[in-house]
Amino acid sequence: MSRYNIREIEEKWRKLWVERRCFEVSEDLSKEKYYVLAMLPYPSGRIHVGHVRNYTLSDVVARYRRAQGYNVLNPMGWDALGLPAENAAMERNTLPADWTNNNIAQMKEQLLSMGLAIDWSREISTCEPEYYKHEQKMFLDFYKKNLAYRKESIVNWDPVENTVLANEQVVDGKGWRSGAPVERRKLNQWFLKITAYAEELLEDIKKLERWPEKVRIMQENWIGKSQGLQFNWNIAGREEIIEVFTTRPDTLFGASFIALAPDHPMSVALAANKEGFDAFIKQCQTMGTSEEVLAQAEKIGFDTGYKATHPLLPGKEFPIYIANFILMGYGTGAIFGVPAHDPRDFEFAKKYDLPVCPVVIPQGQNLENLVEASVEPGFMRNSEFLDGLDNNAAKIEIIKRVEALGNGFGTTQYRLRDWGVSRQRYWGCPVPFIHCEVCGIVPVPEKSLPVSLPMDINYDAPGNPLDRHPTWKHVDCPSCGRAAQRETDTFDTFFESSWYFLRYLDPHNDQTGFDKKKSGYWMAVDQYIGGVEHAVLHLLYARFFTKALRDCGYLECDEPFTGLFTQGMVTHETYQDEKGQWLYPNEIDKDETGKVVTIEGGKAVTVGASVKMSKSKRNTVDPQDILDTYGADAARLFILSDSPPERDLEWSEAGIEGAWRYINKLYRMVNEADLSPPGSPKSAIFSANAVKLRHITHKTITEIGSEIEAFHMNKAVARIRELSNAIGDFKMQDQSDQWALREAVETLVCCMNPMIPHLAEELWHFLGHKTILAEEPWPVADDCLLEANTVTIGVQVNGKVRATITLPANADQKTAEEKALAEPGIQKALDGKKIRKIIVVPGRIVNVVVG
RNA sequence: GCGGACGUGGCGGAAUGGUAGACGCUGCGGACUUAAAAUCCGUUGGCCGUAUGGCCGUGGGGGUUCAAGUCCCCCCGCCCGCACCA
């Protein structure tokens, strides 16, 4: 027997799959379709282990579904636009396009060596005008539908780089690159009206049954629907009113102050000339605006000195504060504070010595001397006409009353905000609009699409190269013909990833983004797989796009992804030398005593926690090294073993070596097995051992299937190992048992195919088959063999296991009882005590209750 | 702070309310070898015992049940999300 030559054999089968175009598919109405999609990678240069995990998972699903008879689409492409390419271009003096295309070529090479069942004929790259011209058309359609609009909004502006910074690029109020203090600047920017779909996006989350609960909750929270009352307060001595929104109108009679957001227009109007105002506003601005920070920060306020009054609360006046915990972007930017029933208001009231008046009293409580806010439901008190109602009824009642007064209205608020898509960058899809001094903002005519990025750009000066380009932006106005200028903003790159899954369906269509009929066949994606970091933004944007495109007539599909799986991160131990410098895993080793030391110099190494792989901690492994050393199958197997896919996976050298050893073991085992010749007739009679083996064989078929469907890939691998252990342990009792052994081995090979396809294909061939395993159906289990003919169950005395007994599978209760009581261990445990009752659960347990 | 997960051997992890620790990794002992690697066999939750065996054990405390890792209540710990980084 020749040694398993991983490189040669894996290469051989990959070549054959490509030659036979095994994984290229087209619409086939005779078959049920199955669309498997892995989140498309950003072409950063080399694949990382996270990619290997992602694409191994999608590949297992694709190969398994294919064997199940589905017409499986499993495409791949490149999320090729984005900031890193510009950073790289600046650092290396190249062009973003060159850097990106180079990376794509390299990464494709690497992905090919993983042996993925991908239809590469559908490969797309989002930086090609052939791709983005269609999204320019979509944007124009959105504009026509009033789903795209411009508005002024505030950005972080780096005055040295002449560029807009993302929040994470602002470090301590300074630009991450330039170190210059960041300015808040108002710019006119494009927005997509995702809020128009807030209700549908929320409502349809219910349909996404095969999404992780966690992601659905995150999206629900993000959309943040709340129902309440919006109404007006008067300001004593002034004409203006203050509009507030509350989700707790029932607590109105418990109010003790009014609070405005620091950037509320009335804040300036009421307090701009007051002493300390500027300092207070400054203080508010330094602490950030995230809900997390506001919720945990000390609640501080600035007393405007004005009082508010409300028609429902005659004779009462409420101080008007400006408070740091009120957000201008949510509701109306103003609230009435009810310390007794809101934790933040309570904290605020304690600090400024404001009254705490409980009005919603939970059953069995009196809420005297509150030490914290009470948010439980209850019955109304101290609330005039609401008294005695339960607080939910009170909400309805008070909204009625306020509406009758003409002072406000019941309304629904969403936390979701419109999606700002403008980026002041070069390496993105140009926004297809033209600015004309006379006509204003004018769409680029469809026949003039695409608006392509110029390739002759440079980074010699700060700012957006599109803006500085000598000719690119100068065009004639399509409407009046006068000299005009192109929009130099480009789209947020979430734009590309919001519809790429549709482009895969019709990747070479130059007339339209995709054919409606094709989308009718393939959509929706049956199984989407990617990182949980995309739980909200990408997935919400893609859902929005699908609905918006539907309403623009592009397709008939409400939700893009019916099944979603979010994989965990890949982690690795960290290593530091004596000086605290981080070391790469390939710089360390164990010495004879088992101590971890540096390979160079043998110096002591501190082994740290296993954390997400990152370049800064140098705890990365290069998948290419793994693929070169151990082969694709070993890498795939290790990725799938042990850790459930949704949890973090700890990469270890021992683990990958274990997988590699097992690959070799399987190869040897099958090669050495004493099998009946291919195609031999089934034996008429099997020995006891063979019957047992056949039971395991057939059980494995159904179990692996359901484990893969449930994404329990670690358990699917365990079932493979169990079957191979059973094969290894099998003692032949009779020549006819050879057939049972062949059956077991062939089943093993078929079942391991989704996970380790190269070896499976090789062994399939070795077993004498002329077919390609990638094209073979999933084996069918014989139902008669699924049940074992004997079962071993525990026998308990008072709930403690004292013995085990083996019974025929169909044994009745009486038999089980008798056999259990006959056990010496049971007799001993009974110790002559009186038996009160015996519980027999057939096939499960016998419990003797005594005493 | 709010919302949501999670907590099982030395490690990753299995367990429709029914034999806790499947399947692995590591460690230990042995075989083969001049030797090593590879491979194979055995063993590997803790404590007591020569042993048959016994006791303890799923973060902690209570409860429901014939039976609880699993269900309920309280507590502790850890992780994730909470607005434009993709």
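Throughout, protein chains are lettered first and strands after them, A, B, ... in sequence-line order, and every chain is numbered starting at 1.
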Checklist entry - Just one of A/Lys151, A/Arg150, A/Gln424 clears the side chain to side chain donor-acceptor pair (under 3.5 Å) bar with A/Gln189, so which one? => result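 By the side chain to side chain donor-acceptor pair (under 3.5 Å) criterion, A/Gln189 pairs with just one of A/Lys151, A/Arg150, A/Gln424: A/Gln424.
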Please give the distance between the [atom1] atoms of [N] and [M] as a whole number of Å.
{"N": "B/A14", "M": "B/C28", "atom1": "P", "result": "27 Å"}
{"N": "B/G61", "M": "B/G29", "atom1": "C1'", "result": "42 Å"}
{"N": "B/A15", "M": "B/G7", "atom1": "P", "result": "12 Å"}
{"N": "B/U58", "M": "B/G49", "atom1": "P", "result": "24 Å"}
{"N": "B/C25", "M": "B/G13", "atom1": "P", "result": "16 Å"}
{"N": "B/G53", "M": "B/G59", "atom1": "C1'", "result": "31 Å"}
{"N": "B/U39", "M": "B/U26", "atom1": "P", "result": "10 Å"}

Strand partner of [N], provided both Watson-Crick or wobble distances fall under 3.5 Å:
{"N": "B/U16", "value": "none"}
{"N": "B/U39", "value": "B/A31"}
{"N": "B/C11", "value": "B/G24"}
{"N": "B/G53", "value": "B/C48"}
{"N": "B/G77", "value": "B/C6"}

Touch class at under 4.0 angstrom, heavy-atom based, for [X] against every strand present:
{"X": "A/Ser652", "result": "nothing"}
{"X": "A/Tyr42", "result": "nothing"}
{"X": "A/Asn725", "result": "sugar-phosphate"}
{"X": "A/Arg423", "result": "sugar-phosphate"}
{"X": "A/Arg647", "result": "sugar-phosphate"}
{"X": "A/Thr493", "result": "sugar-phosphate"}
{"X": "A/Val801", "result": "sugar-phosphate"}
{"X": "A/Pro84", "result": "nothing"}

Roughly how many Å is it from [atom1] in [X] to [atom2] in [N], rounded to a whole number?
{"X": "A/Leu539", "N": "B/C84", "atom1": "CG", "atom2": "P", "value": "18 Å"}
{"X": "A/Asp648", "N": "B/G12", "atom1": "CG", "atom2": "C1'", "value": "12 Å"}
{"X": "A/Trp651", "N": "B/C11", "atom1": "CH2", "atom2": "C1'", "value": "17 Å"}
{"X": "A/Arg721", "N": "B/C25", "atom1": "CZ", "atom2": "P", "value": "5 Å"}
{"X": "A/Lys715", "N": "B/G24", "atom1": "NZ", "atom2": "C1'", "value": "15 Å"}
{"X": "A/Trp222", "N": "B/C84", "atom1": "CH2", "atom2": "P", "value": "7 Å"}
{"X": "A/Asp642", "N": "B/U8", "atom1": "CG", "atom2": "P", "value": "16 Å"}
{"X": "A/Leu192", "N": "B/C84", "atom1": "CG", "atom2": "P", "value": "18 Å"}

Please check the phosphate of [N] (OP1 and OP2 only) for any side-chain N or O of [X] closer than 4.0 Å.
{"X": "A/Arg415", "N": "B/C84", "result": "no"}
{"X": "A/Asn714", "N": "B/A14", "result": "yes"}
{"X": "A/Arg719", "N": "B/A22", "result": "no"}
{"X": "A/Lys800", "N": "B/C56", "result": "yes"}
{"X": "A/Asn847", "N": "B/U65", "result": "no"}
{"X": "A/Arg417", "N": "B/C84", "result": "no"}

Item to check | Minimal non-hydrogen separation, A/Ala634 against A/Ala659, with atom names | outcome: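 Of all heavy-atom pairs spanning A/Ala634 and A/Ala659, the closest is O-CB, 3.5 Å.
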Can [X] and [Y] be counted as having a side-chain donor-acceptor contact under 3.5 angstrom?
{"X": "A/Thr195", "Y": "A/Asp418", "value": "yes"}
{"X": "A/Trp660", "Y": "A/Asp633", "value": "no"}
{"X": "A/Gln219", "Y": "A/Arg543", "value": "yes"}

Could you tell me whether [X] and [Y] make a salt bridge, using a distance below 4.0 angstrom between a side-chain N and a carboxylate O?
{"X": "A/Lys351", "Y": "A/Glu298", "answer": "yes"}
{"X": "A/Glu86", "Y": "A/Arg425", "answer": "no"}
{"X": "A/Glu347", "Y": "A/Arg344", "answer": "no"}

So if I take every side-chain heavy atom of [X] and compare against [options], which nucleotide ends up nearest?
{"X": "A/Lys214", "options": "B/U16, B/C80, B/U26", "answer": "B/C80"}
{"X": "A/Gln796", "options": "B/U16, B/U19, B/U39", "answer": "B/U19"}
{"X": "A/Arg844", "options": "B/G12, B/G3, B/U16", "answer": "B/U16"}
{"X": "A/Ser643", "options": "B/U16, B/A86, B/G12", "answer": "B/G12"}

Could you list all N or O pairs between the protein and nucleotides 41-52 of chain B that sit under 3.5 Å apart?
none

Checklist entry - What do you reckon, are the aromatic ring centroids of A/Phe325 and A/Phe348 less than 6.0 Å apart? => result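 Yes - the distance between ring centres of A/Phe325 and A/Phe348 falls below the 6.0 Å cut-off.
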Next on the checklist: Here's a test of your reading of the structure: between A/Val532 and A/Leu649, which maps to the more 5' nucleotide of RNA chain B?
Outcome noted: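 By nearest-heavy-atom nucleotide position, the 5'-most residue is A/Leu649.
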Item to check | Closest-nucleotide ordering on RNA chain B, the 5'-leading residue of A/Val795 and A/Ala718 | outcome: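 That would be A/Val795.
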Item to check | From A/Phe491, A/Trp222, A/Tyr541, residue fulfilling ring pair (Phe, Tyr, Trp, His ring centres under 6.0 Å) relative to A/Trp419 | outcome: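 Only one of A/Phe491, A/Trp222, A/Tyr541 forms a ring pair (Phe, Tyr, Trp, His ring centres under 6.0 Å) with A/Trp419, namely A/Tyr541.
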Item to check | N-glycosidic conformation, B/G9 - syn within 90 degrees of 0, else anti | outcome: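 Syn, which is what one calls it when the glycosidic angle falls within 90° of 0.
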Next on the checklist: Determine whether A/His712 and A/Glu646 satisfy the following criterion, side-chain hydrogen bond (donor to acceptor under 3.5 Å, both in side chains), listing intermediate values before the conclusion.
Outcome noted: CA-CA 9 Å; A/His712 297 157; A/Glu646 70 277 12; 5.9 Å; no
